[in-house]
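Have a look at the structure below before the remarks.
Given the structure is predicted, the values throughout are model-derived calculations rather than measurements. Computed over heavy atoms, backbone and side chain alike; hydrogens, waters and symmetry mates excluded.
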Amino acid sequence: MGLKCFKNDTDLIHGLFATSCEEFMFNVTYLNLPYKNCTDIFKFHELEMGYCFVANNLIDASSYEELPLKFGARDTDYSLKLYLKVGFIWKYEMYVNSPENLPHFDSVTYDVLSDPTVYLFNVEEYHNDIAVRHEPITSRLCKFPDEKDEGSPWHYSTSTCMSYLRIQYELKECNCTHFTSPKRYKSKYCDVEGLKCISDAQTSVKTKNYAIQNRACYPSCVEQLITTVGSIHLNKLETDGMAFVNIKIANLPTVRYSRVVTATYLDLVVSVGGIIGLFVGISAINILELFYWCLCRRN
């Protein structure tokens with residue numbers, strides 16, 4: 001009989017839990033279209049909240065156009081359906097985020113129950129005028145995904161900003177960080193004493209308070225506003241001992257917020273010039289005439 005030995009706790013976790021969705025996820029459909037391989041949608045990542053299988057996220061795509069899951073007005077069932085293998089070790093938690101966000105310590109969590117469940121959400125979008133990007137961040141009060149924090153391993157979003165701040169707090173308070181942090185911090189992963197230090201220091205609470213008090217993590221300029229409508233338990237659905245999950249958009253987005261620049265610096269110059277011309281009775285031509293008159297008079 002062969003026994004598999006583990007050098008440390010991280011290796012033990014790697015050996016116990018799946019790293020491919022094909023090991024526990026079956027019958028994946030989107031818009032009522034079946035996917036032969038769940039890996040076409042779900043990509044494995046070791047994130048702050050543990051082992052995550054992320055779908056439709058910018059961590060796996062360079063732009064929104066490359067995201068695999070899209071829908072339009074002609075579609076009739078805006079649902080992502082899947083079956084999950086139930087095990088005594090495995091516990092599933094679900095995070096529903098905008099495509100640029102990642103699960104983090106301050107995210108809303110949905111426990112995946114053994115009862116077949118439909119989770120209903122509404123989505124509202126933001127549209128940015130071209131001129132918005134040229135405004136300073138302190139004016140528009142948001143950041144685009146490519147405007148990531150210096151030193152951050154991820155694209156920018158509110159969640160990645162919070163995660164990066166948490167790592168900095170852990171390194172500052174305990175000189176180590178949690179082993180779910182990115183691989184670049186592997187030499188700084190905490191041992192048991194370090195994890196106890198992080199817990200005692202309450203770094204997550206300090207990170208959240210600092211971000212709020214100092215406005216350290218701006219919202220994303222492209223973030224979708226996702227709100228929970230509710231959930232429906234399908235008691236009559238036979239699942240053969242598996243967990244059935246249906247993530248559904250209740251209605252097509254009916255609201256889109258537009259972020260526009262109401263006044264640029266050029267508009268300010270034009271307005272000031274107009275006011276001066278109105279109340280003082282002087283224009284740029286008058287100023288040139290004044291210089292010309294002075295020079296000619298001097299000559």
For the residue pair [X] and [Y], confirm or rule out a side-chain donor-acceptor distance under 3.5 Å.
X: Y156; Y: E100; result: no
X: E48; Y: S163; result: yes
X: N101; Y: S157; result: yes

Look at the SG atom of [X] and the SG atom of [Y], then say if they are under 2.5 Å from each other.
X: C221; Y: C142; result: yes
X: C217; Y: C161; result: yes
X: C176; Y: C197; result: no

With distance as the sole test, does [X] use its side chain to make a donor-acceptor pair with the main-chain N or O of [Y] at under 3.5 Å?
X: N214; Y: A216; result: no
X: Y185; Y: H178; result: no
X: N37; Y: T39; result: no
X: K91; Y: D111; result: no

Any chance you could measure [X], atom [atom1], to [Y], atom [atom2], to the nearest 0.5 Å?
X: I226; Y: Y95; atom1: CD1; atom2: OH; result: 15.0 Å
X: H155; Y: S62; atom1: NE2; atom2: OG; result: 12.0 Å
X: E193; Y: D200; atom1: CD; atom2: CG; result: 9.5 Å
X: N56; Y: L67; atom1: CG; atom2: CG; result: 4.5 Å
X: Y218; Y: T138; atom1: OH; atom2: OG1; result: 6.0 Å
X: C52; Y: K43; atom1: SG; atom2: NZ; result: 15.5 Å

Between [Y] and [X], is there a side-chain heavy-atom distance shorter than 4.5 Å?
X: Y78; Y: N251; result: no
X: L102; Y: M49; result: no
X: K81; Y: N32; result: yes
X: I41; Y: Y35; result: yes
X: T160; Y: K148; result: no
X: P219; Y: L141; result: no
X: Y92; Y: K85; result: yes

Checklist line | Salt bridge flag under 4.0 Å for residues E170 and K188 | finding: no
Margin query: Run V205 and F105 through side chain to side chain contact (heavy atoms under 4.5 Å, CB included) and show every step you take.
Written below: CA-CA 10 Å; V205 176; F105 65 88; over 6 Å; no
Next item on the list: Check the pair R140, E147 against salt bridge (Lys or Arg N to Asp or Glu O under 4.0 Å), reporting the backbone distance first and the verdict last.
Entry: CA-CA 13 Å; R140 53 177 144 100; E147 297 175 320; 2.8 Å; yes
Which atom names give the shortest non-hydrogen contact between [X] and [Y], and what distance separates them?
X: S231; Y: Y119; result: CB-CD2, 4.2 Å
X: F44; Y: A18; result: CE1-O, 4.1 Å
X: P182; Y: W154; result: CG-CZ2, 3.3 Å
X: M242; Y: F26; result: CE-CD1, 3.0 Å
X: L84; Y: V112; result: CD1-CG1, 4.0 Å

Check: Given the rule in the side chain to side chain contact (heavy atoms under 4.5 Å, CB included) test, do D77 and K248 qualify, once you have shown the distances and angles that lead to the verdict?
Finding: CA-CA 8 Å; D77 184 11; K248 185 174 183 177; 3.7 Å; yes
Margin query: Test side chain to side chain contact (heavy atoms under 4.5 Å, CB included) on V28 and D40; report intermediate values, then the result.
Written below: CA-CA 10 Å; V28 178; D40 294 337; over 6 Å; no
Next item on the list: Tell me, please, whether Y169 has K206 positioned over its six-membered ring: NZ or CZ under 6.0 Å from the ring centre and within 45 degrees of its axis?
Entry: no
Next item on the list: Would you verify whether the NZ or CZ of R133 falls within 45 degrees of the ring axis of F144 while also being under 6.0 Å from that six-membered ring's centre?
Entry: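 Verdict for F144: a cation-pi partner in R133.
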Next item on the list: Run the numbers on C174 and C190 for disulfide bond (SG atoms under 2.5 Å apart), then give the verdict.
Entry: CA-CA 9 Å; C174 302; C190 293; over 6 Å; no
Check: If you draw a 6.0 Å radius around CZ in R215, do more than 12 non-hydrogen atoms from other residues or ligands fall strictly inside?
Finding: no
Check: How would you list all residue pairs meeting salt bridge (charged side-chain N to carboxylate O under 4.0 Å, His left out) that involve residues 112-129, not counting sequence neighbours?
Finding: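 For residues 112-129, and leaving out neighbouring residues, the salt bridge (charged side-chain N to carboxylate O under 4.0 Å, His left out) pairs sorted by first residue read E125-R256.
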Item checked: Contacts of type side-chain hydrogen bond (donor to acceptor under 3.5 Å, both in side chains), residue D60, not counting sequence neighbours -> H45
Check: Are Y189 and L171 connected in a single hydrophobic cluster, I mean Ile/Leu/Val/Met/Phe/Trp/Tyr linked by side-chain heavy atoms less than 4.5 Å apart?
Finding: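 Cluster IDs for L171 and Y189 match.
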Next item on the list: Please state whether the rings of F244 and Y83 are parallel, tilted or perpendicular, taking 30° and 60° as the class boundaries.
Entry: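 The rings of F244 and Y83 sit tilted, inter-plane angle from 30° to 60°.
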Next item on the list: Take S107 and H104 through the test side chain to side chain donor-acceptor pair (under 3.5 Å) and record every step on the way to the result.
Entry: CA-CA 5 Å; S107 298; H104 72 295; 2.8 Å; yes
Next item on the list: Would you please test Y110 and T228 for side chain to side chain donor-acceptor pair (under 3.5 Å) and show each step?
Entry: CA-CA 10 Å; Y110 303 89; T228 305; 2.5 Å; yes
Note to self: Run the side chain to side chain contact (heavy atoms under 4.5 Å, CB included) test on V245 and M25 for me, step by step, so that the C-alpha distance in whole Å, both residues' side-chain angles and the decisive distance to 0.1 Å come before the verdict.
What the structure shows: CA-CA 11 Å; V245 178; M25 193 180 296; over 6 Å; no
